[in-house]
Amino acid sequence: DQQVKQNSPSLSVQEGRISILNCDYTNSMFDYFLWYKKYPAEGPTFLISISSIKDKNEDGRFTVFLNKSAKHLSLHIVPSQPGDSAVYFCAAAGGTSYGKLTFGQGTILTVHP
Amino acid sequence: DAGITQSPRHKVTETGTPVTLRCHQTENHRYMYWYRQDPGHGLRLIHYSYGVKDTDKGEVSDGYSVSRSKTEDFLLTLESATSSQTSVYFCAISESAGRPDTQYFGPGTRLTVL
């Protein structure tokens with residue numbers, strides 16, 4: 001039972017354009033969401049997070065949007081750069097699972113020069 | 001970068017042998033976690049620790065045990081390795097388990113069980 005899903009295994013974007021990565025969840029107890037970025041042969045690095053009391057959080061080129069009614073979140077990267085090419089994981093926590101993150105399968109983003 | 005190291009970084013072993021992976025942190029964080037990463041599954045929690053000698057199971061704990069005798073070290077043991085345990089293993093740490101629940105990851109250990 002996959003409680004956090006990233007339905008797009010890969011995404012290809014031109015440099016300078018917007019990248020939109022999507023994530024859906026099924027557990028209504030989740031109230032804190034994170035995005036991690038992972039380069040090959042490295043560990044995931046924290047990118048941005050959002051609490052369920054907000055619907056948007058920005059950090060530079062990265063913005064996360066949360067739609068609680070749809071149980072959907074998205075990560076926008078504007079403008080996309082070749083260095084953004086990586087695997088992006090969304091993760092969720094909440095309810096009795098605090099301290100335990102549930103991850104999606106990941107989306108491979110490729111930004112072409 | 002959070003001070004997290006994992007050893008070994010790569011290991012090849014044979015089915016049925018015991019294997020221990022080590023995670024070491026210099027951040028004095030209370031919480032430590034072991035995940036495995038497999039294609040199509042993202043990262044899945046194996047075990048976690050909320051203090052010295054305090055550990056609990058994650059969603060894929062069968063075949064794994066852990067120990068934490070010091071704040072800085074969290075060991076993952078495969079008592080008798082199987083080919084299904086071929087994976088990349090990541091250790092993570094966090095200061096708290098409440099909101100915000102940000103975990104910081106080590107560089108990973110690639111384990112191959114033949």
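Heavy-atom basis, side chains included; hydrogens, waters and symmetry copies ignored. So you know, we letter chains A, B, ... as the sequences are listed, proteins then strands, and number each from 1.
Contacts between B:Gln37 and chain A at a heavy-atom distance below 4.5 Å involve the side chain alone, from C-beta outward. Proximity to chain A (any heavy atom under 4.5 Å) is restricted, for B:Leu45, to the side chain, taken from C-beta onward. Residue contact with chain B, scored on non-hydrogen atoms closer than 4.5 Å, involves the backbone of A:Ala41 exclusively. If you measure heavy-atom distances from B:Tyr50 to chain A, you find no contacts under 4.5 Å at all.
Between B:Phe105 and B:Tyr33, every side-chain heavy-atom pair lies at or beyond the 4.5 Å cut-off. Within the 4.5 Å cutoff, the side chain of A:Leu73 has no heavy atoms near those of the A:Phe65 side chain.
For A:Lys68, the NZ atom sits in a packed shell: over 12 heavy atoms of surrounding residues, nucleotides or ligands are nearer than 6.0 Å. Counted within 6.0 Å of CD on B:Glu14, heavy atoms from surrounding residues, nucleotides or ligands total 12 or fewer; the atom is thus considered open.
Residues B:Ser94 and B:Thr102 come closest through the heavy atom pair CB-O, 3.4 Å. Here the closest non-hydrogen pair linking A:Cys23 and A:Val4 is SG-CG1, 3.5 Å.
Heavy-atom proximity under 4.5 angstrom to chain B picks out nothing from residues 52-62 of chain A.
Between chain B and the options A:Gln6, A:Lys38, A:Gln2, heavy-atom pairs under 4.5 Å are most frequent for A:Lys38.
Here salt bridge (Lys or Arg N to Asp or Glu O under 4.0 Å) pairs that include residues 31-49 of chain B, with residues two or more places apart or in two chains, are B:Arg36-B:Asp38, B:Asp38-B:Arg44.
Under the 4.5 Å side-chain heavy-atom criterion for ILVMFWY residues, no single connected hydrophobic cluster contains both A:Ile50 and A:Ile20.
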